[in-house]
Structure formats: C-alpha cells, structure tokens
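Remarks on the structure that follows.
Counting begins at 1 with the first residue of the sequence. All of these numbers come straight from a predicted model, not from anything done at the bench. Just follow the structure's listing: the first ligand is 1, and inside any ligand the first atom is 1.
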Amino acid sequence: MSQSIEYPCFLDIQAEGAVNVSILPVPYDGTSTWKKGADRGPFALLEASSQLELYDIPTATEPYRQGIETLPPVLCHESPEMLAQHVHEQVTAILEAGRLPVVLGGDHSVSIGAIQAAAAAVPTFSVLQVDAHLDSRESYQGSAYNHACVMARARELADIVQVGIRSADAAEIPSLDPKRVFWAHRILERPTSEWVEEAVSLLSESVWVSIDLDGLDPAILPATGTPVPGGLHWHHLQALLARISDARRVIGFDVVELCPHPAHWGSDFLAAQLVYRFLAEILRPRESEPRV
Ligand SMILES: [Mn+2]
C-alpha cells in the first residue's frame, strides 16, 4: 500500500469535539504464510464501514456520538520486530490520551506491539484471543514476532484465554493451559452462555481483546488468509464480546487478518460491523435500558 493512498475514515466520519476511540490502521502483511493480502484489510474494512447504519439495535445506542477518530495508517515494510515498535508507540500515545485503541490489521503480528503497549500502561491484565489458530509458537520462520507467535509473546506479559481454536502444531500443545483454551468443537456443543461465562471468569479486570477474523467460520467470513472450517458463528462472538464488555474493562482491541477478495465484499462489511458492534458494547451506558 503506497503512502499516497488516502485512507477512508471509520464510518466516513471525521471526529469533531471529544474523542473517546482511536482507530489505528496497520496495513502490514510481512509475516503471513499462505494467501497474501492482509495489508489491504484495513482499507477494505474502513471503506465498508461507510455503509454501516449508525444505530446499534442490541444496545439501543449510537456509538459514533462518543467520538471516533481514524488515525493515519502505520506504514512499515520492515521486519515484524520494527513493526511492533511502531505500533507500540502509536498505541501508547492513544492510551496516554485516555482513548480506547482499536488496531486494524494486517496480519496477526500487528497485535504484538499493541499488547506490549497495553502491558506498559496497565500492570495486570489479560489477553482474550479469538482465533482458529493457537499462534503460540516460540519462533516461526526466523522471527519470534511472526503472526504464529503472537500468543507466545502475549503470555509473557499477561494471562491469556484462547477461544475458537481448531488448528494447532504439536509443538504448541505442551505449553498451553487446557483450562484456558476453548476449542471450537467444544464451544459448538455447549450452551453459549455457559462457555462464555467460563471464559470471562478466567479474565483479569482489564482485558485486551485480539480478534483474528479466522476465528469465525469461513462460511460467514471467507476473506481471510488461512480459513479453517468449523469456526464461531456471529452470535457466539457477539455473546462473548457483550459479556466481556459488561463484566470487565476492555482496554483496547484489535481485529486482524481480513484478506479482502472482490468476490467476498461481505467479509469487509462483517469486519466493519464487528468493530462497530464491539464499540457499542464497550461504550454503552451501563445504567441504560436493558438490551433489546
Ligand atoms: Mn488465525
């Protein structure tokens, strides 16, 4: 993505007045291993967001009124280590401004710098990962900051909970905590409220949420670089995000691995809708009317 391309704003809205949310596009695809194109993810998501309707039905709110700004993209074509440093700096600035950071990838390696920034700002926190993959390799293809290593880096800084997992390497299994992994095939056979409650109960008061879109089933989100069948449904994810927002303090989140394809523009829209819905859950006044 060249520097001359002007990025759209989330919702096509320029923030005026108070800003509570900063969207940070990170069009980086330095480490993905199969289908390339996640660097085009942020642009596609932002472009699709202009088609969202602004009233959020489940919370009966209009989250855009809280002030959402879209920052210039982090443009880095260097190593994932350098990328992490750039993202770290940007997310730190957002947190210091008292705003909620929303990082748009890019491949999953973009989350590492964001989680490091969260760790520097909040002494004790958890990382909730939604993903098809464990992403827990200590190193991959010569880098400890590869997308396949995100959760190995995260667990050095925070407790982690992994949801939707259905793809792994044998080398990852000994290091995982089985109580903190919610395998997709188990989720699908359990009542949603039950596993959601269990997952949320394992989280600290403050939580960074890292959403790899391939955690969702490829039937509803085909445009991702490494799709794996048997994933979460839209309402599984909504139930989880709503409960986390009610029971914990979300300090920021990332949405990664949208790999746009011309035949699957619905994936771009889903990703935009996901960002807006999660913001609605985080920002809704807690004393407001019960949800619809
Ligand atoms: Mn993944």
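- Here the angle at the Mn ion (ligand 1) defined by OD2 in D214 and ND1 in H133 stands at 90°, rounded to 10 degrees.
- The Mn ion (ligand 1) has no N, O or S atom of D135 closer than 2.8 Å.
- Looking only at its N/O/S atoms, D131 has OD1 as the one nearest to the Mn ion (ligand 1).
- A cation-pi arrangement is present between R137 and Y140, with the terminal nitrogen or guanidinium carbon under 6.0 Å from the aromatic centre and inside a 45° cone about the axis.
- Using bins of under 30°, 30° to 60° and over 60° for the plane-to-plane angle, the ring pair Y276/F10 lands in the tilted bin.
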* In sequence, state the C-alpha distance, the side-chain angles, and the governing distance for Q238 and R277, and then conclude on side-chain hydrogen bond (donor to acceptor under 3.5 Å, both in side chains). => CA-CA 8 Å; Q238 295 310 314; R277 279 254 55 249; 2.9 Å; yes
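- For the Mn ion (ligand 1), the N/O/S atoms of D212 include one lying under 2.8 Å.
- Here E69 pairs with R99 in a salt bridge; the nearest charged N to carboxylate O distance falls below 4.0 Å.
- Residue H147: no N/O/S atom is found under 2.8 Å from the Mn ion (ligand 1).
- By the criterion of side-chain heavy atoms lying less than 4.5 angstrom apart, applied directly or through intervening Ile, Leu, Val, Met, Phe, Trp or Tyr residues, V110 is grouped together with I160 in one hydrophobic cluster.
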